[in-house]
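Read the structure below first, then the notes.
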Amino acid sequence: MNMASLDVGGVRVFEARQRVGLQAALCIAGGVLFFLMLIVMFLIALGSKSTTSNDMMPGMIGGLSVFGIGLIGRGIFLLRGVVRVTLDNNAVHLDGFTARRTVSYQQIERIERDKKNQLLGGKTHQVLLLYAAGERKPLAIIPDTIENFEELATELARRSAAAQGGRTTYDPIADQQIRDRRDSRRMKFTSAAFSVITLLFIVMLCFGVNEEIHNRRLQSRGTAVYARIDKHFMRSVTPYIEYSFADAQGKRQSREVMVTELLYGQTREGQLVPVVYLADQPEWNRLVGGEAGKNFGGKFLFLLGGGTLMFGAFAVMTLLGIDIKSENGRTTIVRRGKVIREFGAKPLETPAFPVLPRFDAVHAPSAATQAPPPPIAAAAAPPPAKPTGLLVLGVLCLVFGL
């Protein structure tokens, strides 16, 4: 199809608002240095004497590694971003740091708008999704980090519509319906996930309450007895013992328990250790001292109760269709698409995607006498805010890495 005959031809180049190559390099370098620091900490912990703090170090290192993974992931995300979009007479070309993608206008069956969150960027971006006929995965994604994004969207819609014989590739009503269905599915999935987590917290809370009741009974009405160590062994790097004793009815009771390094070093197989148990429930027993196993009672009950209330509230909110959205420093409470409350800075007005005329309307007899519509001016987009938190995190990672 001759694009020039429809007054939508020519080559247009749209550049990214800012270069992110240095930021990507800093994120990847910071992540690598952070991992090197964790490796050094792990090697030091391996060569150190076993203490309570050193025994916790592997778990702490595993948790801290999330920051390194996040920094490297952020750097790769920036490198895969789009830095230039070129529209020519036949296709749209997306250029990135590491790849180039070309999509012909004939391939674009529909265009959708959506919002995407930057990885560790703390900001939400509008994006254009280009879909082929019958495909659920987009051919390409164009973010609004491109300069003159609205003008690019308009031009792309015109050229793809011309290539499709005048059939509109962007329908704002259908696009809104797709977003509503997508949000509805997401809310249902989120509600189910929160409900499952709430049930898990309730089960753990009930187990913890039961354990706390029996632990208090052991403290106040427990029967003391000496038990024999039947097994004295290590499971991976964790010390365990298995002991047994005869209760008041003469029945043999046994239990396997994780113990401290001190107790493990002071005891041997066949040795006696003091144990306390409940006379009416002898299966509830424990060592008088030296157990290292964790339990769900005590102060942990406050954490379980708080988690139950929090995730239960989230489950109820999502069941009622209430959603909390935070975008670019502004928080919005929405219920089934209707805004209930807004907090934060007032958002900038985003120009709507123009509704393109249908093919039959364009070629109607009266259309020949009408003047062509004036060109749509590009919206002046403010420069994006610098991701201060990310830059500070990157600097801290570099400092600690060095």
Side-chain angles (χ1 to χ4, degrees), residues 1-18 81-96 101-116 124-133 135 138-179 327-328 347-364 367-368 370-384:
M1 178 173 288
N2 188 358
M3 304 288 286
S5 64
L6 297 176
D7 195 24
V8 291
V11 177
R12 299 289 306 277
V13 179
F14 299 85
E15 299 280 350
R17 294 195 186 103
Q18 62 177 355
V82 179
V83 298
R84 184 183 302 104
V85 177
T86 304
L87 303 179
D88 60 21
N89 289 338
N90 301 310
V92 52
H93 308 276
L94 284 73
D95 297 317
R101 176 170 296 183
T102 299
V103 179
S104 67
Y105 299 128
Q106 285 80 10
Q107 290 180 272
I108 302 175
E109 192 265 342
R110 71 184 189 279
I111 301 175
E112 294 181 8
R113 274 187 184 270
D114 201 358
K115 294 179 181 179
K116 298 289 184 181
T124 302
H125 283 291
Q126 294 276 346
V127 294
L128 293 178
L129 306 176
L130 312 183
Y131 287 94
E135 297 290 335
L139 296 170
I141 301 176
I142 304 176
D144 67 353
T145 53
I146 301 298
E147 195 73 43
N148 299 324
F149 176 74
E150 293 299 330
E151 183 180 354
L152 165 63
T154 303
E155 190 71 18
L156 181 59
R158 287 176 177 170
R159 297 188 185 214
S160 58
Q164 295 289 335
R167 182 185 59 80
T168 302
T169 55
Y170 176 76
D171 186 344
I173 298 177
D175 187 43
Q176 184 62 45
Q177 292 174 347
I178 291 173
R179 286 200 299 268
E327 299 177 1
N328 305 330
L348 296 173
E349 294 293 334
T350 302
F353 210 141
V355 181
L356 299 177
R358 300 289 182 179
F359 180 74
D360 53 357
V362 173
H363 293 80
Q370 295 179 358
I376 299 176

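Being a predicted model, the structure only gives us computed values, none of them experimental.
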About how many Å separate [atom2] of [Y] and [atom1] of [X], when rounded to the nearest 0.5 Å?
X	Y	atom1	atom2	result
Gln164	Arg159	CD	CZ	15.0 Å
Ile146	Phe14	CD1	CZ	9.5 Å
Asp171	Arg110	CG	CZ	11.5 Å
Ile178	Glu112	CD1	CD	4.0 Å
Glu109	Ser160	CD	OG	10.5 Å
Asn148	Arg17	CG	CZ	8.5 Å

Contacts of type side chain to side chain contact (heavy atoms under 4.5 Å, CB included), residue Thr86, not counting sequence neighbours: Val11, Val13, Arg84, His93, Asp95
Please find the pair of heavy atoms, one from [X] and one from [Y], that lie closest to each other, and give the distance.
X	Y	value
Ile111	Ala157	CD1-CA, 4.0 Å
Thr168	Ala161	CA-CB, 4.4 Å
Thr102	Ala91	CG2-CB, 3.7 Å
Ala140	Leu94	CB-CD2, 3.8 Å

May I ask you to test the [X]-[Y] pair for a side-chain heavy-atom distance under 4.5 Å?
X	Y	value
Arg113	Leu128	yes
Val92	Leu130	yes
Thr169	Tyr105	no
Ile141	Asp114	no

Verdict with reasoning, Leu156 to Val85, per side chain to side chain contact (heavy atoms under 4.5 Å, CB included): CA-CA 10 Å; Leu156 181 59; Val85 177; over 6 Å; no
Worked check of side chain to side chain contact (heavy atoms under 4.5 Å, CB included) between Ile108 and Val103: CA-CA 8 Å; Ile108 302 175; Val103 179; 3.9 Å; yes
Donor-acceptor pair, side chain of Asp144 and main chain of Val127, under 3.5 angstrom: no
